[in-house]
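Chain letters run A, B, ... following the sequence lines, proteins first and then strands; every chain starts at 1. All figures in this text were calculated on a predicted structure; none of them were measured in a lab.
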Amino acid sequence: MAEINSSTGAAPSILSIRSLQKSFDSVSVLRDISLSVERGNVVSIIGPSGSGKSTLLRCASFLEHADGGDILYDGEYALHNGVYAQKAELARFRTRFGLVFQNFQLFPHYSVLRNVSEAPILHGENKDEVHARALELLKKMGLEGREKAYPYQLSGGQQQRVAIARALCMRPEILFFDEPTSALDPELTGEVLKVIRQLAEERMTMVVVTHEMPFAKAVSNRVIFMADGVIVEQGDPKEVFDNPREERTKQFLRVFER
Amino acid sequence: MSLMTMIVKMSEGLGKTCAIFFLTLLFSLPLGMIVALLRMSKVKLVSAVTRFFITILRGTPLMLQLLAVTYGPYYLFGATVARNKLIPVVIAFSINYAAYFAEIYRGGIESIPVGQYEAAEVLGYTRIQTFMRIILPQVIKRIMPSVTNEVVTLVKDTSMAFTVSYQEMFTIGKQIANSQTSFTPFVVAGAFYYIFNVIVDYVMGRIEKRLDYYR
Ligand SMILES: Nc1ncnc2c1ncn2[C@@H]1O[C@H](COP(=O)(O)OP(=O)(O)O)[C@@H](O)[C@H]1O
Ligand SMILES: [Mg+2]
């Protein structure tokens with residue numbers, strides 16, 4: 001890890017990924033992906049369907065087993081040359097990130113409050129404190145008074161905001177979003193993007209896979225364009241969106257022009 | 001023999017009918033879960049062997065299984081046949097029903113989206129916490145209708161105990177029918193099973209209703 005810091009002397013990136021490789025049955029889905037995410041930054045990942053965006057987030061959150069490369073959180077190896085840390089250590093790493101799924105994955109048999117608060121309580125935190133924090137988060141998500149509701153009683157947009165509150169209640173250092181608005185009716189995407197934008201303003205570190213280009217352009221510190229398992233182009237959102245260098249990027253963005 | 005006498009005599013066997021019923025549920029419901037987990041084991045040999053036993057238990061008549069458990073030890077090892085037939089009867093019923101429940105559980109467990117496991121994993125739930133808190137409650141809700149079906153069938157299946165002359169209600173009825181050359185005991189037995197199942201339906205309905213608070 002020293003090698004990352006020695007040149008700059010700065011604190012290590014919250015997340016750095018180096019030469020990440022992943023294949024499904026000999027089909028290479030991630031080839032040599034490298035990126036890092038600095039504290040307080042928002043990184044958007046865009047790219048055509050099937051380019052490996054979800055697989056990347058799933059590898060970073062240990063839901064998928066990468067075949068090679070490194071994953072470091074705060075300069076500590078969770079994956080080193082394709083070898084994962086011990087189970088107990090991975091559990092510790094897991095507390096550093098949160099993941100918001102495309103289709104929410106709330107627990108249908110739990111009330112909103114229990115969805116949000118159970119995990120930290122199981123981790124041994126004080127129940128009253130967790131409940132207070134959960135209610136605070138729900139309020140922030142615009143869900144005040146809905147804590148007793150069950151997921152089926154909520155709209156998709158509300159469910160996704162509960163899912164965000166659930167992830168935040170674990171107090172992660174970094175939050176991953178995998179197409180958080182793709183399963184929503186168009187009129188409901190706004191309310192979810194609004195809370196993500198609010199989190200960005202509070203300097204929450206986030207990696208957002210999205211097809212919402214105006215949102216990505218407005219909110220991100222950096223945009224990554226992926227295709228066929230590689231990072232084709234990355235940089236300042238204005239550069240990538242207004243002045244893409246790569247032909248592949250131009251081609252992809254043209255579809256979103258009108 | 002008057003109808004009243006028949007009813008009284010047969011109802012003396014109801015305790016034994018209930019014993020088969022409740023003891024079978026007591027053992028087969030949890031045993032079925034163990035069998036289901038073995039059946040879904042990632043160890044190929046374990047799941048294959050379990051699957052084989054399930055197909056045997058589901059593919060052969062319960063009556064044969066009752067005979068095998070009750071008299072098998074005698075024919076195989078010359079062991080004395082149990083004086084209290086309740087033990088072999090409950091063993092045979094429990095194993096047989098466990099096989100059916102196992103398949104119901106397996107269907108229920110496999111119907112829960114992988115995303116539920118993944119959401120729990122990312123939130124740091126252990127595997128046991130995930131199963132007990134997230135998966136199992138949803139499974140129970142989903143399988144209630146199938147479980148109800150099996151329970152209703154079990155009420156009627158208790159009559160199979162006559163094959164090993166265990167003195168439950170139907171066996172007594174059958175003996176009366178033979179000695180009196182009368183069909184009436186069978187009508188009485190039918191009425192008893194019907195009433196029993198009305199109660200079962202009511203109870204299961206209440207349980208299903210209690211699980212109705214979410215979708
Ligand atoms: N579990 C899996 N088994 C086999 N192939 C998979 C699996 N998950 C994803 N893939 C394949 O990997 C590729 C990348 O998928 P994904 O990461 O979901 O892309 P994206 O999120 O960018 O649409 C696709 O070709 C997909 O079919
Ligand atoms: Mg995807």
Side-chain angles (χ1 to χ4, degrees), chain A residues 54 57-58 60-64 87-88 90-112 114-125 130 148-154 159 162-163 165-172 174-178 183, chain B residues 29-30 32-33 36-37 40-44 101 104-148 203-215:
Chain A
S54 296
L57 287 191
R58 292 170 59 81
S61 47
F62 314 147
L63 290 178
E64 217 68 76
K87 221 176 145 191
L90 287 184
R92 232 171 17 77
F93 280 114
R94 248 180 225 115
T95 62
R96 302 187 185 198
F97 58 78
L99 174 60
V100 174
F101 296 83
Q102 184 173 338
N103 46 5
F104 334 134
Q105 296 299 347
L106 293 179
F107 304 132
H109 57 308
Y110 282 176
S111 68
V112 164
R114 190 157 177 197
N115 261 286
V116 175
S117 61
E118 188 174 73
I121 293 170
L122 289 178
H123 279 83
E125 281 194 63
V130 175
K148 290 206 178 75
Y150 283 86
Y152 80 94
Q153 297 167 315
L154 304 177
Q159 290 187 50
V162 174
R166 178 175 72 174
L168 287 171
C169 203
M170 292 290 288
R171 295 203 268 213
I174 179 169
L175 199 46
F176 302 130
F177 292 82
D178 191 0
Chain B
L29 285 169
M33 183 53 76
L37 295 176
M40 291 184 295
S41 167
K42 287 201 185 83
V43 183
K44 287 257 163 57
F101 285 133
I104 292 174
Y105 293 153
R106 184 170 70 96
I109 291 171
E110 286 176 352
S111 76
I112 305 296
V114 218
Q116 291 283 299
Y117 291 88
E118 294 182 343
E121 185 180 330
V122 173
L123 289 165
Y125 285 68
T126 63
R127 286 174 63 122
I128 291 171
Q129 285 170 341
T130 303
F131 186 74
M132 298 305 285
R133 290 169 179 269
I134 308 300
I135 306 303
L136 191 57
Q138 297 186 58
V139 168
I140 289 172
K141 181 183 168 81
R142 286 186 191 205
I143 64 174
M144 274 317 279
S146 316
V147 170
T148 301
V203 172
M204 297 305 281
R206 285 293 294 267
I207 298 174
E208 279 184 50
K209 204 159 211 144
R210 280 195 58 175
L211 296 173
D212 247 4
Y213 67 91
Y214 73 93
R215 252 173 253 157

Asker: Of the backbone (N, CA, C, O) and the side chain (C-beta and beyond), which part of B:Y213 lies under 4.5 Å from a heavy atom of chain A, both, or neither?
Answerer: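 B:Y213 touches chain A through backbone and side-chain heavy atoms alike.
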Asker: Given that the side chain runs from C-beta out, which part of A:E118 has a heavy atom under 4.5 Å from chain B: side chain, backbone, both or neither?
Answerer: both
Asker: Find out whether B:E118 and A:L99 are in side-chain contact, i.e. whether some heavy atom of one side chain is under 4.5 Å from a heavy atom of the other.
Answerer: no
Asker: Given that the side chain runs from C-beta out, which part of A:R96 has a heavy atom under 4.5 Å from chain B: side chain, backbone, both or neither?
Answerer: neither
Asker: With rounding to the nearest 0.5 angstrom, report the OG1 to CG distance, B:T126 to A:L122.
Answerer: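 Output value for this atom pair is 8.0 Å.
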Asker: What part of A:Y110 gets closer than 4.5 Å to chain B, counting heavy atoms only: side chain, backbone, both or neither?
Answerer: side chain
Asker: Which pair of non-hydrogen atoms, one from A:P108 and one from B:R215, has the smallest distance, and what is that distance?
Answerer: CB-O, 3.6 Å
Asker: Which heavy atom of A:Y152 sits nearest to which heavy atom of B:Y214, and what is that distance?
Answerer: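 Heavy atoms only, the tightest pair is CE2-CA, 3.6 Å.
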Asker: Please give me the minimum heavy-atom distance between A:F62 and B:E121, naming the atom from each residue.
Answerer: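 Smallest heavy-atom distance, with atoms named: O-OE2, 3.6 Å.
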Asker: Please classify the contact between A:F107 and chain B as side chain, backbone, both or neither, with a heavy-atom cut-off of under 4.5 Å.
Answerer: both
Asker: Under a 3.5 Å distance rule, please check whether A:H109 uses its side chain to pair with a backbone N or O of B:L211 as donor and acceptor.
Answerer: no
Asker: Let me know if A:R166 has heavy atoms under 4.5 Å from chain B in its side chain, its backbone, both or neither.
Answerer: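 For A:R166, heavy atoms of backbone and side chain both lie under 4.5 Å from chain B.
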Asker: Please give me the minimum heavy-atom distance between B:Q116 and A:L106, naming the atom from each residue.
Answerer: NE2-O, 2.9 Å
